[in-house]
Structures are given as structure tokens and as C-alpha cells.
Amino acid sequence: MDNVAEGFERGGNKEFIQFLYVAKGSCGEFRSQLYRALDRDYIAQKEFDSLSIHAMKISSLIQKLVKYLETSPIKGTKYKNRK
């Protein structure tokens, strides 16, 4: 969430997309940590499954936002007054 917020505040799509990819990477890292937690019996299989599904959905949503931003004619607030 922090990477998404930081990227958005940069004011341009290119930087926003860069931070979205960092957020997507963090989602993958979280899923890796879920496997570690499951292997060490810190969480139950049911909890692992639920959290893993949520993480995959979030990753997919981030990718869809990236795709939209890459094709959007709007380039960000810092480019608003440029011609």
C-alpha cells in the first residue's frame, strides 16, 4: 500500500507504474512468506489458502492498473500544464 501511495504522489504515470511493480513484487514476497509460515505451522492451511488467494487477486488488480496506465492518454498531474 505504501508503494502505491508513494508512486501516486510522484505525479506521473511512469513513476507510478514503477512503484506499482514494486508493490506487485511485495505481493509475491508476501506469498513466499506465507509458505514459510505454513511450513513452520505458524498458520493453518485454511488461513494460508485464503491469504494466498487474496494476494493473487491484489497482484492481478495491480497488473490491470499498470496496463490501464500504460495506455491512458492521461500522463499524470505533473504533466497537466505541459503542451
Going by the ring pair (Phe, Tyr, Trp, His ring centres under 6.0 Å) test, which pairs reach into residues 12-34, not counting sequence neighbours? F8-F16
Listed partners of R31 passing salt bridge (Lys or Arg N to Asp or Glu O under 4.0 Å), at least two apart: none
Applying salt bridge (Lys or Arg N to Asp or Glu O under 4.0 Å), name anything that partners E9, two or more places apart in sequence or on another chain. none
Hits for side chain to side chain donor-acceptor pair (under 3.5 Å) against E6, two or more places apart or cross-chain, chain-then-number order -> R10
Starting from V22 and following side-chain heavy-atom contacts under 4.5 Å between hydrophobic residues (I, L, V, M, F, W, Y), which residues can be reached? none
Residues passing the side-chain contact (heavy atoms from CB on, under 4.5 Å) test with A37, sequence neighbours excluded, are Y42, I43
Side-chain donor-acceptor pairs of residues 48-66 under 3.5 Å, sequence neighbours excluded:
| unit_1 | atom_1 | unit_2 | atom_2 | d |
| --- | --- | --- | --- | --- |
| D49 | OD1 | Q45 | NE2 | 2.8 |
| H54 | ND1 | S50 | O | 2.8 |

N/O donor-acceptor pair under 3.5 Å between T71 side chain and K67 backbone: yes
Carefully, step by step, assess N3 and L20 under the rule side chain to side chain contact (heavy atoms under 4.5 Å, CB included). CA-CA 7 Å; N3 289 316; L20 287 172; over 6 Å; no
